[in-house]
Amino acid sequence: MLAVCVDVPGGPENLRVGTVPKPRPKDGEVLIKVHATALNRADTLQRRGLYPPPPGESDILGLEVAGTVAEVGPGVRGPWVPEERVMALLCGGGYAEYVAVPEELLLPVPPGLTLCQAAAVPEAWLTAYQLLHLVGNGYAGEVVLVHAGASGVGTAAVQLARLAGAVPVVTAGSAQKVDAAVALGAAAGFLHSQGDFADGVLGYTGGHGADVILDCVGGTMWERNVRCLAVDGRWVLYGTLGGKAVQGDLLGHLLKKRGRLITSLLRSRSLQYKADLVKAFSERALPFFTDPHQPALKPVIDSVFDLQDIGEAHKHMEANRNKGKIVVIVTPQNQGGE
Ligand SMILES: NC(=O)c1ccc[n+]([C@@H]2O[C@H](COP(=O)([O-])OP(=O)(O)OC[C@H]3O[C@@H](n4cnc5c(N)ncnc54)[C@H](OP(=O)(O)O)[C@@H]3O)[C@@H](O)[C@H]2O)c1
């Protein structure tokens, strides 16, 4: 089968479409014929050799796919049937024509979504759902500050916060990205590159601050984060795009707010944890994607690339140009009933 190979870790030019053996579904796994995958920042780190897959997992890049069921492996207990449209959260292996997935990590594609849209759902939306509900414990009425509000995870978090009755506010790197997040439901947005977003958040909330901060930036933003964190607020760190080092009185400021700094990674979690997350998301969020005319939740697609152009897709992401998800079509003819 065709797959994206990285023979030598490095830049986007090191991504090569080659031929590798087709996986066979093991006990409890379903083989998916992939229509599309979507990019994640983790892919760019793995390409550079900085984020290896968990032990025993595929070393092919790609954390999410949508496609059709090609084969149901031995011991599968769920209702999955050949040709069914599915999407899946992966530990790796998505940049390929076929991927074998534990059945617990499969989700049915909601009727209103194409497979191209569905490929943009699993990683970003499950991450956002987990951060908001399982890690940050956001409640209705609380203010949730979402950094990188127009990112893949950010566009999902804004919509999920709204759905939960919380008040999402965002930061972003351009006015166009702020506008995109506001169009999705953000109550306010601030440029992280100009002025001080902490003043913006404190001003917007009448001095209360953000009850929850979903932070994929880290280092460069810590002072502003802790300044605009509400008393008893939860600051959820899930990425370090702005660096890992912190200098200064972080602990003193955090203590004054009785703030909680919580970190989270999804890929390294156990299969059981991910299965519980997929179940919760399927029951409580997936139904809101279904209305084809006015869905409460919708995946935001920035752009669609062909598999042969995977290097260009990575460059696009690393230049911070995307608003929403970058989708890559793996098997154009596998439309799965679209
Ligand atoms: N922990 C987990 O379980 C988990 C799971 C999935 C993703 N993640 C992390 O979540 C983050 C977002 O992922 P994604 O796939 O949604 O990314 P994405 O769509 O590529 O968006 C990332 C955005 O972050 C902003 N950004 C980049 N560098 C920045 C910096 N130095 N300071 C401030 N903002 C910066 C840029 O937007 P602006 O132009 O608005 O600045 C960029 O477009 C990544 O760090 C990823 O590794 C973590």
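Only this structure's heavy atoms are used, side chains among them; waters, hydrogens and symmetry mates stay out.
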Donor-acceptor contact below 3.5 Å, side chain [X] vs main chain [Y]:
{"X": "K257", "Y": "R227", "value": "yes"}
{"X": "R16", "Y": "C5", "value": "no"}
{"X": "S58", "Y": "G92", "value": "no"}
{"X": "D43", "Y": "N40", "value": "yes"}
{"X": "D196", "Y": "A198", "value": "yes"}
{"X": "D249", "Y": "G252", "value": "yes"}
{"X": "D211", "Y": "V143", "value": "yes"}
{"X": "E142", "Y": "A166", "value": "no"}
{"X": "N14", "Y": "V8", "value": "yes"}
{"X": "E103", "Y": "G78", "value": "yes"}

List the atom of [X], the atom of [Y], and the distance in Å for their closest heavy-atom pair.
{"X": "A36", "Y": "A119", "value": "O-CB, 3.5 Å"}
{"X": "A88", "Y": "I32", "value": "CB-CD1, 3.7 Å"}
{"X": "Q176", "Y": "K323", "value": "O-CD, 4.0 Å"}
{"X": "A120", "Y": "V327", "value": "CB-CG2, 4.2 Å"}
{"X": "M87", "Y": "V109", "value": "N-CG2, 3.9 Å"}
{"X": "L271", "Y": "P102", "value": "CD1-CB, 4.0 Å"}

The test is side-chain contact (heavy atoms from CB on, under 4.5 Å); show your working for R269 and Q130 and say whether it passes. CA-CA 12 Å; R269 303 255 190 189; Q130 176 208 15; 3.1 Å; yes

Around atom [atom1] of [X], are there more than 12 heavy atoms of other residues, nucleotides or ligands at under 6.0 Å?
{"X": "E13", "atom1": "CD", "result": "yes"}
{"X": "F305", "atom1": "CZ", "result": "yes"}
{"X": "Y273", "atom1": "OH", "result": "yes"}

ILVMFWY network linking [X] to [Y], side-chain heavy atoms under 4.5 angstrom:
{"X": "V30", "Y": "M1", "result": "yes"}
{"X": "F197", "Y": "V217", "result": "yes"}
{"X": "V101", "Y": "V72", "result": "yes"}
{"X": "L229", "Y": "Y204", "result": "yes"}
{"X": "Y51", "Y": "L241", "result": "no"}

When rounded to the nearest 0.5 angstrom, what distance separates [atom1] in [X] from [atom2] in [Y]?
{"X": "I262", "Y": "D215", "atom1": "CD1", "atom2": "CG", "result": "12.0 Å"}
{"X": "W235", "Y": "L254", "atom1": "CH2", "atom2": "CG", "result": "6.5 Å"}
{"X": "L131", "Y": "Y129", "atom1": "CG", "atom2": "OH", "result": "12.5 Å"}
{"X": "L39", "Y": "E318", "atom1": "CG", "atom2": "CD", "result": "9.0 Å"}
{"X": "T127", "Y": "R267", "atom1": "OG1", "atom2": "CZ", "result": "11.5 Å"}
{"X": "H35", "Y": "T68", "atom1": "NE2", "atom2": "OG1", "result": "10.0 Å"}

Got [X] and [Y] here, is their nearest side-chain heavy-atom distance under 4.5 Å?
{"X": "L145", "Y": "C228", "result": "yes"}
{"X": "Y238", "Y": "V153", "result": "yes"}
{"X": "Y98", "Y": "T331", "result": "no"}
{"X": "L61", "Y": "V4", "result": "no"}
{"X": "E123", "Y": "L90", "result": "no"}
{"X": "E104", "Y": "K274", "result": "no"}
{"X": "V6", "Y": "Y95", "result": "no"}
{"X": "L31", "Y": "R24", "result": "no"}

Apply the test side-chain contact (heavy atoms from CB on, under 4.5 Å) to residues V169 and V144: give CA-CA distance (whole Å), side-chain angles for both, the deciding distance (0.1 Å), then the verdict. CA-CA 6 Å; V169 298; V144 179; over 6 Å; no

Test of understanding: with side-chain hydrogen bond (donor to acceptor under 3.5 Å, both in side chains), list the residues that count as partners of R321, not counting sequence neighbours.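 For R321, the residues satisfying side-chain hydrogen bond (donor to acceptor under 3.5 Å, both in side chains) (neighbours in sequence not counted) are H316.
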
Can you name the one residue among V212, V158, L132, L160 that meets side-chain contact (heavy atoms from CB on, under 4.5 Å) with P168?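 The passing option is V158.
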
According to the side-chain hydrogen bond (donor to acceptor under 3.5 Å, both in side chains) rule, which pairs have a member within residues 157-171, sequence neighbours left out?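 Sorted result for residues 157-171: H147-T171.
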
Test side-chain contact (heavy atoms from CB on, under 4.5 Å) on L107 and W125; report intermediate values, then the result. CA-CA 12 Å; L107 301 94; W125 284 82; over 6 Å; no

Verdict with supporting geometry, K22 and E71, salt bridge (Lys or Arg N to Asp or Glu O under 4.0 Å): CA-CA 12 Å; K22 181 177 162 184; E71 191 182 332; 5.7 Å; no

Does a salt bridge link R258 with D232, judged by any charged N lying under 4.0 Å from a carboxylate O?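 The answer is yes: the pair qualifies as a salt bridge.
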
Below 4.0 angstrom, N of the basic side chain to O of the carboxylate: do E64 and K325 qualify?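 Salt bridge between E64 and K325, a charged N being under 4.0 Å from a carboxylate O: yes.
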
Could you label the plane-to-plane angle of the W222 and H253 rings as parallel, tilted or perpendicular, counting under 30° as parallel and over 60° as perpendicular?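 Ring orientation of W222 relative to H253: tilted.
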
Evaluate the criterion side-chain contact (heavy atoms from CB on, under 4.5 Å) for residue pair L266 and L89; output intermediate values, then yes/no. CA-CA 10 Å; L266 179 55; L89 179 71; 4.3 Å; yes

Distance under 6.0 Å and angle within 45° of the ring axis: does R224 meet both against F190?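 So R224 doesn't make the cation-pi contact.
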
